[in-house]
Amino acid sequence: MTKSGFEPVHIVVLIVALVVAVLEIAALWRALTKASRPGWGAIIPIYNLYLWLKVAGRPGWWLALYLIPGVNVIVHLVVSLDIARSFDKGTMFGIGLWLLPWIGVPVLGFGSARYVGANPTA
């Protein structure tokens with residue numbers, strides 16, 4: 001171990017994690033902007049989830065459902081499917097967004113996806 005307490009591999013892992021975090025924030029910012037929501041909301045914890053619910057067409061009180069263990073998994077699946085529908089993507093994309101959000105959100109933010117409006121009942 002070096003005197004600073006960090007091995008070179010730790011520094012590399014930290015740098016990679018920071019790059020991924022910045023890319024994810026930028027992707028969410030772009031996706032929110034496409035949906036006519038404030039992009040800066042991507043950097044505010046909890047508020048970004050509230051905005052994501054609004055993009056999905058769900059009421060803000062659903063935020064409370066994310067606090068209930070087990071229920072939050074189902075709620076997040078429903079919201080992911082609604083987000084996919086809101087960006088004119090299919091059910092499989094919604095499931096992918098639920099399981100692999102670090103891939104799905106950049107596809108929405110940086111890709112050619114267009115926000116078509118929230119319609120959770122469709």
Please determine whether residues [X] and [Y] belong to a single hydrophobic cluster, defined as Ile, Leu, Val, Met, Phe, Trp and Tyr linked transitively by side-chain heavy-atom distances below 4.5 Å.
| X | Y | result |
| --- | --- | --- |
| Phe110 | Val22 | no |
| Trp102 | Val19 | no |
| Val73 | Leu67 | no |
| Leu18 | Ile25 | no |
| Leu100 | Leu77 | yes |

Pairs under 3.5 angstrom only: tabulate donor-acceptor contacts from the side chains of residues 39-49 to other protein residues two or more places apart or in another chain.
residue	atom	partner	partner atom	Å
Asn48	ND2	Ala42	O	3.3

What's the shortest heavy-atom distance between [X] and [Y], and which atoms?
| X | Y | result |
| --- | --- | --- |
| Arg30 | Gly109 | CB-O, 3.4 Å |
| Gly94 | Ser80 | O-CB, 3.4 Å |
| Pro106 | Pro101 | CD-O, 3.7 Å |

Start with the C-alpha gap between Arg114 and Asp88, add the side-chain angles, then the distance that decides, and say whether salt bridge (charged side-chain N to carboxylate O under 4.0 Å, His left out) holds. CA-CA 7 Å; Arg114 287 187 16 240; Asp88 203 23; over 6 Å; no
In Å, rounded to the nearest 0.5 Å, how long is the span from [atom1] of [X] to [atom2] of [Y]?
| X | Y | atom1 | atom2 | value |
| --- | --- | --- | --- | --- |
| Trp62 | His76 | CH2 | NE2 | 12.5 Å |
| Leu108 | Leu32 | CG | CG | 10.5 Å |
| Ile103 | Phe93 | CD1 | CZ | 10.0 Å |
| Leu63 | Asn72 | CG | CG | 11.5 Å |
| Ser112 | Phe87 | OG | CZ | 11.5 Å |
| Leu23 | Leu28 | CG | CG | 12.5 Å |

Sub-4.5 Å side-chain heavy-atom contact between Val78 and Arg58: yes
Are Leu53 and Tyr66 side-chain neighbours, meaning at least one heavy-atom pair lies under 4.5 Å?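 Side-chain contact under 4.5 Å: yes.
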I'd like to know if the side chain of [X] and the backbone of [Y] have a donor-acceptor N/O pair within less than 3.5 Å.
| X | Y | answer |
| --- | --- | --- |
| Lys34 | Ala113 | yes |
| His10 | Glu7 | yes |
| Tyr115 | Ala118 | yes |

For Leu97, run the side-chain contact (heavy atoms from CB on, under 4.5 Å) check against Asp82, Ile83, Leu81, Val79 and tell me which one passes. Ile83
Sorted by chain and number, sequence neighbours left out, side chain to side chain donor-acceptor pair (under 3.5 Å) with Tyr50 holds for none
